[in-house]
J.: 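Structure provided below as structure tokens; questions to follow.
For ligands, and for the atoms within them, numbers begin at 1 and follow the listed sequence. Since the model is a prediction, treat every value here as computed from it, not as a measurement.
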Amino acid sequence: MNLEELISTYNLTGRTIVVTGGTGILGGEIACALVDWGANVAILDRNLEPAQALLERMGAGAGRAAAFHGDVLDLDSLRQAAEAITERFGRIDGLVNAAGGNKPQATTGPDVSFFDLPSDALRWVFDLNLFGTVLPCQVFGKFMAQQGVGVILNISSVNTFRPLTRIPAYSAAKAGVSNFTQWLAVHMAQKYSPQIRVNAIAPGFFLTSQNEYLLTDTQTGKLTARGQSIIEHTPMSRFGKPEDLLGAVLWLLSPASAFVTGVVVPIDGGFSAYSGV
Ligand SMILES: NC(=O)c1ccc[n+]([C@@H]2O[C@H](COP(=O)([O-])OP(=O)(O)OC[C@H]3O[C@@H](n4cnc5c(N)ncnc54)[C@H](OP(=O)(O)O)[C@@H]3O)[C@@H](O)[C@H]2O)c1
């Protein structure tokens, strides 16, 4: 394969891709890039207010994008969204599971021990990250199984390789997402079609609403001790920027990675490779 042929495999033109959590920081960045790369994009989120700004950001490409209400924890709402998406775009070729997150109530701290973390907060985090990935795979993956072709990209976390302190539910839930990614990759390939691929990315630290309260002091904006420690343990010495994800996202969603399934790719500036010594 020559370079021109290879480059031509990085192509999503005409593919319809659903992005859950599509109005969030990382999901929104991915949705805008997908439109730029020629895909039709279904932005799915439970709150569509920020979608208008995203569509404006997409400029001329916005004609190939639309926002759909959907709760990743509610099968009926996902099925309704799938119906509306296929009505609009005709088919579903890909799914990016970008809905997820953590919450302060499920985080240990100087005044809150692990033993006192409320179970409803722990369950909320498990549900959003793990079930919020499994349920969209059931609903949108079914279309791929019927077509015999499709691609799913889950969003795990560096927590999956070694858990971070203070966030037990988030770490365990993301480890579940990575494990489920491998499981579903095998299941789809063996039971339905080797042309259905399932992979994940594992971002390191990107300053967003889910972790800002842990990494920066809300009053001064300066790094907390934890934020500083992360930078010290990141060989590239910085937090990630949402656009740092895009190269791997395009690779994993496009035919450029046609023989890649069941992998979890860290995008973390070397954090997961560094022993700290
Ligand atoms: N930021 C990081 O450093 C980092 C690192 C590793 C992994 N990740 C993962 O990357 C993904 C995106 O994170 P992000 O930083 O972009 O967070 P974000 O900005 O909070 O985006 C998450 C989006 O998911 C939506 N959402 C939450 N619950 C939902 C539900 N039940 N149904 C549908 N949508 C729902 C949120 O809506 P609301 O605004 O209404 O809650 C939000 O729009 C998450 O899985 C996160 O765990 C992030």
J.: Atom 39 (O) of ligand 1: protein heavy atom closer than 4.0 Å?
T.: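 False for atom 39 (O) of ligand 1.
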J.: Mind checking whether Gly132 has a heavy atom under 4.0 Å from ligand 1?
T.: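 The answer is no, since Gly132 has no heavy atom less than 4.0 Å from ligand 1.
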J.: Heavy atoms only: which of Pro136, Gly22, Ala173, Ala98 is nearest to atom 11 (C) of ligand 1?
T.: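 Among Pro136, Gly22, Ala173, Ala98, the closest heavy atom to atom 11 (C) of ligand 1 comes from Ala98.
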J.: For ligand 1, which part of Asn211 has a heavy atom less than 4.0 Å away: the side chain, the backbone, both, or neither?
T.: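 Asn211 to ligand 1: side-chain contact only, backbone stays beyond 4.0 Å.
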J.: When only distance counts, is Ile25 in polar contact with ligand 1, meaning an N/O pair under 3.5 Å?
T.: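 The answer is yes, given that Ile25 and ligand 1 share an N or O pair closer than 3.5 Å.
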J.: Does any N or O of ligand 1 fall below 3.5 Å from an N or O anywhere on Ile155, backbone included?
T.: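 No, Ile155 has no N/O under 3.5 Å of an N/O on ligand 1.
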J.: So which protein heavy atom does atom 36 (C) of ligand 1 come closest to, and at what separation?
T.: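 Nearest neighbour among protein heavy atoms for atom 36 (C) of ligand 1, to 0.1 Å: Asp45 OD1, 3.8 Å.
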J.: Please determine whether a side-chain nitrogen of the Lys or Arg among Arg123 and Asp120 lies less than 4.0 Å from a carboxylate oxygen of the Asp or Glu.
T.: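 No.
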J.: For atom 5 (C) of ligand 1, which candidate among Gly240, Gly204, Ala51, Ser157 holds the nearest heavy atom?
T.: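 Nearest option to atom 5 (C) of ligand 1, by heavy atoms: Gly204.
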J.: Would you please determine whether Ser156 falls within less than 4.0 Å of ligand 1 on a heavy-atom basis?
T.: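 It does, in that a heavy atom of Ser156 comes within the 4.0 Å cut-off of ligand 1.
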J.: Ignoring angles and geometry beyond distance, decide whether Leu128 reaches within less than 3.5 Å of ligand 1 through its nitrogen or oxygen atoms.
T.: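 For ligand 1, there is no N or O atom that lies under 3.5 Å from one belonging to Leu128.
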J.: Are the side chains of Ile17 and Leu153 in contact, using a 4.5 Å heavy-atom criterion?
T.: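 Not in contact.
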J.: Heavy atom to atom 8 (N) of ligand 1, shortest distance: which of Tyr170, Phe239, Phe205 holds it?
T.: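 It is Tyr170 that holds the nearest heavy atom.
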J.: So do Leu164 and Leu214 actually touch side chain to side chain, heavy atoms under 4.5 Å?
T.: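 SC-SC contact between Leu214 and Leu164 ruled out.
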J.: Taking Thr181 as the fixed residue, which of Ile152, Thr133, Val198 is the one that meets the side-chain contact (heavy atoms from CB on, under 4.5 Å) rule?
T.: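 Testing Thr181 for a side-chain contact (heavy atoms from CB on, under 4.5 Å) against Ile152, Thr133, Val198 leaves exactly one candidate, Val198.
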J.: I want to know if ligand 1 touches Gly21 in the polar sense, i.e. an N/O pair below 3.5 angstrom.
T.: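 No: no nitrogen or oxygen of Gly21 is under 3.5 Å from one in ligand 1.
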J.: Take every heavy atom of Lys174, measure it against each atom of ligand 1, and state whether any distance is under 4.0 Å.
T.: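 Contact check Lys174 vs ligand 1: positive.
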J.: Ile43 versus Leu55: any side-chain heavy-atom pair under 4.5 Å?
T.: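 A side-chain contact under 4.5 Å exists here.
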